[in-house]
Amino acid sequence: MYKDINTYINTITATMPYGSNIRLFRNSILIFLLCNTLFLLSYSETLYGSHSYFLPFEKHNNIILDFLNILENPRLAVYWKYVVAGQIISIIACLFLPYKRLFAFFVYFFTMNLYHKTIPIQNAGFNLLVMVLFMLIFMDENANNTKSTFWKTINITATNFAVWAARFQVIILYAVASYFKLTGSTWLDGTAFYYVLFNDTYSHPWFKELLI
């Protein structure tokens with residue numbers, strides 16, 4: 001039993017087999033974020049500016065949330081362009097430069113501030129994305145190449161836990177969503193799918209007519 005426990009611990013702290021997966025995963029998320037931000041540029045002042053349509057969503061005394069919610073402060077809201085520019089620059093830097101974790105932190109910081117500013121119109125998919133984006137800060141596809149034995153163990157362990165946490169988050173989210181859909185009525189009788197079909201954002205006329 002002790003041998004099995006020791007082997008299990010070694011798989012967490014000594015080896016990290018996800019290097020290429022992490023690289024692909026990170027780049028996919030970053031490219032999506034970049035495309036999403038560029039797509040919203042023409043609406044950005046309406047979304048993020050000091051005269052945004054969105055009123056402050058939540059009042060709190062949490063300093064961490066204040067750090068990730070600076071655009072809710074009227075004195076800082078006028079600098080929204082710097083937040084948008086910071087996100088774009090951080091994404092490009094994270095895609096092409098080393099120090100991935102450092103730039104991933106800045107991507108998370110700027111993205112969360114833009115996210116919180118427009119949280120009334122965000123969806124579950126983007127909620128999941130920002131949670132996984134936080135976990136990306138702890139992932140290093142080159143953890144196996146760390147020279148110091150001590151830091152290599154720390155790096156590999158953090159990376160493995162972050163990968164498993166991201167997987168667990170996705171699995172739990174969709175498992176719970178599926179459970180409530182199967183125990184309810186709107187998905188089983190087709191009502192929910194009917195509404196999705198008639199939302200032009202999520203449907204297509206040909207597909208809609210075919211199914212109807």
Side-chain angles (χ1 to χ4, degrees), residues 11-41 44 47-48 62-72 76 79-119 122-174:
T11 61
I12 300 174
T13 61
T15 58
M16 195 283 297
Y18 310 111
S20 59
N21 294 356
I22 292 172
R23 189 177 300 110
L24 176 61
F25 186 52
R26 177 188 287 113
N27 290 346
S28 299
I29 289 179
L30 292 176
I31 291 172
F32 169 79
L33 277 177
L34 181 61
C35 292
N36 184 67
T37 300
L38 294 177
F39 175 77
L40 294 176
L41 276 182
S44 55
L47 295 174
Y48 313 120
N62 189 319
I63 191 172
I64 296 176
L65 289 181
D66 285 336
F67 178 69
L68 298 175
N69 204 14
I70 61 175
L71 293 180
E72 292 290 1
L76 299 176
Y79 300 109
W80 65 269
K81 291 182 180 179
Y82 293 100
V83 179
V84 174
Q87 187 201 39
I88 294 174
I89 294 171
S90 299
I91 290 173
I92 295 173
C94 197
L95 282 169
F96 298 106
L97 297 179
Y99 306 107
K100 302 294 185 184
R101 280 178 169 164
L102 174 63
F103 290 120
F105 169 79
F106 285 113
V107 172
Y108 178 77
F109 168 74
F110 290 118
T111 300
M112 285 301 295
N113 276 285
L114 297 177
Y115 166 81
H116 278 139
K117 182 63 176 180
T118 57
I119 202 168
Q122 296 296 348
N123 56 43
F126 211 89
N127 294 346
L128 177 62
L129 186 143
V130 293
M131 284 189 283
V132 173
L133 194 62
F134 174 76
M135 298 168 195
L136 274 176
I137 298 173
F138 302 94
M139 298 183 196
D140 181 8
E141 61 264 39
N142 298 313
N144 290 325
N145 300 328
T146 307
K147 294 181 180 180
S148 168
T149 303
F150 173 77
W151 288 113
K152 180 178 182 179
T153 301
I154 297 296
N155 204 2
I156 289 176
T157 304
T159 299
N160 283 331
F161 271 107
V163 170
W164 293 347
R167 288 177 170 178
F168 184 74
Q169 182 66 57
V170 173
I171 291 171
I172 289 298
L173 187 148
Y174 284 103

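Each residue takes its place number in the sequence, starting with 1.
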> Stepwise, does the side chain to side chain contact (heavy atoms under 4.5 Å, CB included) test hold for Ile22 with Met16?
Replying inline: CA-CA 10 Å; Ile22 292 172; Met16 195 283 297; 4.0 Å; yes

>> I'd like to know if the side chain of Arg26 reaches the main chain of Asn21, judged simply by a donor and an acceptor atom lying under 3.5 Å from each other, with no hydrogens or angles considered.
In response: no

> Can you check side chain to side chain contact (heavy atoms under 4.5 Å, CB included) on Leu71 and His116, steps first, answer last?
Replying inline: CA-CA 8 Å; Leu71 293 180; His116 278 139; over 6 Å; no

>> Distance alone, cut at 3.5 Å: any donor-acceptor contact between the side chains of Asn127 and Tyr115?
In response: yes

>> With heavy-atom distances below 4.5 Å as the criterion, would you say the side chains of Asn113 and Lys117 are in contact?
In response: no

>> Taking the side chain as everything from C-beta on, heavy atoms only, tell me whether Phe25 gets closer than 4.5 Å to Leu136.
In response: yes

> Side chains of Leu173 and Val170: does their closest heavy-atom pair fall under 4.5 Å?
Replying inline: no

>> Could you go through Tyr48 and Thr118, starting from their C-alpha distance and side-chain angles, then the distance that decides it, and tell me whether this counts as side chain to side chain contact (heavy atoms under 4.5 Å, CB included)?
In response: CA-CA 7 Å; Tyr48 313 120; Thr118 57; 3.6 Å; yes

Considering only distance and modelled atom types, tabulate donor-acceptor pairs under 3.5 Å from the side chains of residues 102-111, sequence neighbours left out.
from	atom 1	to	atom 2	distance (Å)
Thr111	OG1	Gln87	NE2	3.0
Thr111	OG1	Val107	O	2.7

Hey, can you pull the donor-acceptor pairs under 3.5 Å for the side chains in residues 90-101, sequence neighbours left out?
from	atom 1	to	atom 2	distance (Å)
Ser90	OG	Gly86	O	2.7
Lys100	NZ	Cys94	O	2.7
Lys100	NZ	Leu95	O	3.2
Lys100	NZ	Leu97	O	3.0
Arg101	NE	Ile137	O	3.4
Arg101	NE	Phe138	O	3.4
Arg101	NH1	Asn155	OD1	2.6
Arg101	NH2	Phe138	O	2.6
Arg101	NH2	Asn155	OD1	2.7
Arg101	NH2	Thr159	OG1	3.2

> Taking all atoms of both residues into account, what is the closest heavy-atom pair of Ala166 and Met139, and its distance?
Replying inline: CB-CE, 4.0 Å

>> Looking at every heavy atom in both Thr15 and Asn160, which two are closest together, and how far apart are they?
In response: O-ND2, 3.0 Å

>> I'd like to check Asp66 versus Ile70 (side-chain heavy atoms, cut-off strictly below 4.5 Å). Are they in contact?
In response: no

> Any donor and acceptor pair, going by atom type alone, linking the side chain of Asn123 with main-chain N or O of Phe126 inside 3.5 Å?
Replying inline: yes

